[in-house]
Amino acid sequence: MIEAGLKNELQKQGVYVTTLEDLYNWGRANSVWPLTFGLACCAIEMMAASMARFDLARFGAEVFRPSPRQADLMIVAGTVTKKMAPLVVRLYNQMPEPKYVIAMGACAISGGPFKQGYNVLKGIDRYLPVDVMIPGCPPRPEALIHAIMTLQEKILNQKLTGPDRPRHLNADVPGEFPVPAYGEHDLEPPNNPEVWQPPAIKR
Amino acid sequence: METLEQIKARLEAALPQAKIEILANECAAGERSLLVDAASAFAVAKFLRDDAQLCLDYCSNVTGIDWPDKELTEKIKVKQVVDGVEKEVEEVKKSLRPGFLEAVYHLYSMELKHGPVVLRMRTVNRTDQTHLPSLTPLWRGAEFQEREVYDLYGVIFDGHPDLRRILMWDGFKGFPMRKDYVAPDDFEYEPTPHDEVLEQAKKHYSTEVKA
């Protein structure tokens with residue numbers, strides 16, 4: 001490991017030193033390809049973020065892929081209904097590792113205004129490991145850009161070895177997540193206990 | 001456009017077997033509607049669409065209403081003989097109006113630029129006789145909306161080309177927009193519960209304490 005001070009000093013002299021880890025993460029962080037995937041009005045903000053005015057391309061994330069096989073990032077933009085949830089999980093399973101999830105908007109992170117309804121999932125984190133959550137209804141394009149930057153920071157700080165290494169470098173951790181089935185009134189199971197546990201109520 | 005009374009009179013002249021009623025509306029808009037019996041609803045709708053003066057060629061909206069059983073209380077003055085003297089006594093008479101499901105159609109004319117005429121049909125009850133004639137053969141645009149009414153209220157439209165659930169998944173049990181539908185209790189945690197959610201939260205907290 002090279003010291004940060006020495007690295008800066010060398011950089012001033014025109015010598016660039018880095019580690020494989022930094023180089024690898026730097027490359028990944030600056031070309032996050034999201035999946036073209038919108039569920040509700042948040043998708044409109046997502047489109048705005050990718051267009052000229054807000055220009056997501058500045059962060060290397062403008063290449064929206066229409067196929068999950070070519071995508072690194074799933075932006076869950078909008079209300080996830082119980083009918084849609086299995087399809088979202090299946091799309092996520094079809095993405096190659098390393099893959100990330102941004103839950104965008106109140107609905108995707110908690111069910112939002114539909115939380116007490118009969119047909120809306122109370123957050124996609126019940127089935128998928130969410131990396132960044134953006135509150136807002138809908139969040140502005142700047143918020144999505146901030147989320148992408150937060151995700152980039154997360155990617156840059158990932159250790160490639162050791163017990164904290166990301167899922168795609170750990171053969172023991174499964175990369176696929178069980179797809180819930182349609183029950184008579186709700187999804188079965190209502191959440192994936194490996195990903196999410198209901199909060200304990202303290203009284 | 002003609003008034004609803006005129007339309008009703010012409011309908012009754014053309015279709016003598018049809019039972020048509022004009023329903024008042026107490027809300028601010030005060031839009032009244034035609035209530036048609038299920039047996040002649042298709043003929044009535046066809047008349048409304050094909051009649052040269054009405055030409056209601058566009059069905060803009062189909063929706064459903066669930067009317068659960070309702071207890072009606074009426075105060076009636078009854079003459080009673082009390083201690084040899086005839087007196088007027090107020091009596092409260094209770095009666096039960098059995099529940100039913102209703103389908104509402106909003107009809108406009110694109111040709112003559114008028115409307116809407118609101119058409120209503122009612123089922124016999126909410127349990128086993130929930131059949132109504134489908135008006136999709138007359139207005140193709142009613143297809144998905146009738147499927148939605150079927151999905152959420154459980155009205156079975158006879159003559160519909162493809163009556164399946166549209167919003168809920170196929171294996172779903174029950175009709176979620178009915179007043180007596182109880183969603184599965186999937187309460188987890190609520191930081192600021194209120195109203196119905198508060199009641200639900202209390203229920204869950206109390207079981208926590210007992211355990």
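No hydrogens, no waters, no symmetry mates; every other heavy atom, side chains included, goes into these values. First the proteins, then the strands, lettered A, B, ... as listed; each starts at 1.
If you take CZ on B:F172 and OH on A:Y182, they are separated by 12.5 Å, rounding to the nearest 0.5 Å.
The two residues A:N119 and B:L167 make their nearest non-hydrogen contact at ND2-O, 4.4 Å. Between B:W169 and A:K82 the shortest heavy-atom distance is CZ3-CB, 3.5 Å.
Heavy atoms of other residues, nucleotides or ligands lying less than 6.0 angstrom from NE2 of A:H146 number 12 at most. The local environment of CD in B:E74 is sparse, with at most 12 non-hydrogen atoms from other residues, nucleotides or ligands closer than 6.0 Å. Counted within 6.0 Å of CD on B:Q17, heavy atoms from surrounding residues, nucleotides or ligands total more than 12; the atom is thus considered enclosed. Within a 6.0 Å radius of CD in A:E194, no more than 12 heavy atoms belonging to other residues, nucleotides or ligands are found. The local environment of CD in B:E111 is sparse, with at most 12 non-hydrogen atoms from other residues, nucleotides or ligands closer than 6.0 Å.
Using a 4.5 Å cut-off between heavy atoms, A:Q116 contacts chain B through its side chain alone, with no backbone atom that close. Using a 4.5 Å cut-off between heavy atoms, B:Q200 touches chain A through its side chain atoms alone.
Looking at B:K173 and A:H185, their side chains come closer than 4.5 Å, going by heavy atoms from C-beta outward.
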